[in-house]
2 protein chains.
Amino acid sequence: VSAADPPAAIAASWDANAAAWTGAVRAGAIASRRLATDAAITAAVLARRPRRVLDLGCGEGWLARRLATERVEVVGVDGSAALVEAAAAAGGGATFLRLAYEDLIADPGAAGTGFDVVAANFALLAEDLVPLLSALRRPGDGPLAAGGALVVQTLHPLAAGPPYRDGWRTEDFRGLDGGEGRWRPMPWYFRTLSSWVALLREAGYALDDLREPAHPGTGDPLSLLATAT
Amino acid sequence: VSAADPPAAIAASWDANAAAWTGAVRAGAIASRRLATDAAITAAVLARRPRRVLDLGCGEGWLARRLATERVEVVGVDGSAALVEAAAAAGGGATFLRLAYEDLIADPGAAGTGFDVVAANFALLAEDLVPLLSALRRPGDGPLAAGGALVVQTLHPLAAGPPYRDGWRTEDFRGLDGGEGRWRPMPWYFRTLSSWVALLREAGYALDDLREPAHPGTGDPLSLLATAT
């Protein structure tokens, strides 16, 4: 896996980091998540009063478990077999499936259909996302029900730091519990605000809501949280 | 006029700065406008293929004159009598009226009705903008035609600098041609991105497009440019 194939490098890093990531998320080691963004996406999803939610890029499954406690029927999908295994082992009432984004593009209904919300929490890391996002709302076999919403949370441009332009960056997981030695760096594609808005439009969505969850102490914005239909 | 009454302080500063402002705009002294934002709002307005445009907070009238060269029928309104006078004196085919925003709130049709676009170029500086923006699209007597669009350009959060939260700031016009001695400082209300989005929704608009005109050399974003219907 080389830097010349970012999607493969992203997938490989999730598999390599699965145990460390599961430990970090479950220990609450990521301060921005604990302080703001976990609650923000939970609230944004529940604001739609969904009966069924697809947790896209569910990782070790915390959001699926959280939503299941609100009597939401949740299916979590992730491309990493190790993360799906960790999610399934934790139980919590949600269903977890190993599905890569390419699998959903090839067969949009692979995780089921009729979802009121598709949630993607810091889970859209590739450059070309139009095929995936379009597949989610494809009439007939796409997972989103008519009138359903896509809820996307991503890093805030101000939290990501300069330069303010679309492009590949590297996440080294520095600062997470355990130190950098345990982690395999991951490429991810940074998008400006207007690039996110254009992407959603290009994939057929209208932007319904845009929030900026902030650090409760400093007020600094931590994420962009978009709801699109 | 005290800082306790920002709208009055804003109005007073425009009157006091009218001559200096007119000179600075017409000399191209504001680099961000010359390099990016003038062309950006012109293109955003023309993208709607409008027959009639209301230039809200037109100042000395450059945008109205620019649009008039494209055979658009333009009415420019501004609360500053001195700026409207400067605009009218320059001619250029547009019509200019002295109307404060409060006048438009009280009588939404005061500048006419049936406009395909209302453009506000760095012209929304107050804290409470819902009454004005709602009045623009009021069915029956609001200036916006059915299906018309509001095009708003405002300072980009990254260009405005920290702190990233809604609140009053002071523009001292430092750096503009002539030095600070000639200028009367002006209060203006900074809004975060999500605050702009929420404001537009609260005033009854849907966000259609959001762009970030950038400095052609550095790529740094200079403005937010929203089209709402």
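All values below come from the heavy atoms of this structure, side chains included, with hydrogens, waters and symmetry mates left out. By convention in this document, chain letters (A, B, ...) are assigned in the order of the sequence lines, proteins followed by strands, and residues within each chain are numbered from 1.
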Exercise. Using 4.0 Å as the upper bound for N to carboxylate O, is an ion pair formed by A:Asp208 and B:Arg201?
Worked result: no
Exercise. Counting only heavy atoms not in B:Arg33, do more than 12 fall under 6.0 Å of its CZ?
Worked result: yes
Exercise. From A:Leu158 CG over to B:Thr192 OG1, what is the distance, rounded to the nearest 0.5 angstrom?
Worked result: 10.5 Å
For this session: Any chance you could measure B:Ser194, atom OG, to A:Leu193, atom CG, to the nearest 0.5 Å?
Result: 10.0 Å
Problem set entry | Within 6.0 Å of CD in A:Glu202, more than 12 heavy atoms from elsewhere | no
Exercise. A:Leu224, A:Asp209, A:Thr218, A:Leu207: which one forms the most heavy-atom pairs within less than 4.5 Å of chain B?
Worked result: A:Asp209
